[in-house]
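Only one structure is covered here, and it is reproduced in the block below.
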Amino acid sequence: MEREYLEQEIKKLDGQIEILTRQIDNSDRNITGLVAQKTRHMDRRDLLEQKRVEMEAELAGLTPEPPE
């Protein structure tokens, strides 16, 4: 009787461990996806900031318009 109980409990624990292992794997994939997404956003921001700097330099190089 005690042997059967322990075997059943071990089987339950194995199932819980398997579920948690899958959850950990999913979390790893989610983290990887989030890091990739953040990197894309940061790259896009860097490109936009560089474009702004170039436009500001171009604007600074223009001769001022005479006041009306």
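Along the sequence shown, residues are numbered consecutively beginning with 1.
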How long is the gap from CD1 on I10 to CD on E7, to the nearest 0.5 Å?
-> 7.0 Å

Rounded to the nearest 0.5 angstrom, the CZ-CD distance for R22 and E18 is 4.5 Å

Spacing of I19 atom CD1 and D14 atom CG [to the nearest 0.5 Å] = 11.0 Å

Taking side chain as C-beta onward, heavy atoms only, is L47 less than 4.5 Å from D43?
-> no

CZ (R3) and CG (L6) are apart, to the nearest 0.5 Å, by 9.0 Å

Can you establish whether the number of heavy atoms outside E58 located under 6.0 Å from its atom CD is more than 12?
-> no

Value rounded to 0.5 Å, distance of CD in Q23 from CG in D25 = 10.5 Å

Value rounded to 0.5 Å, distance of CD in E9 from CD in E4 | 12.5 Å

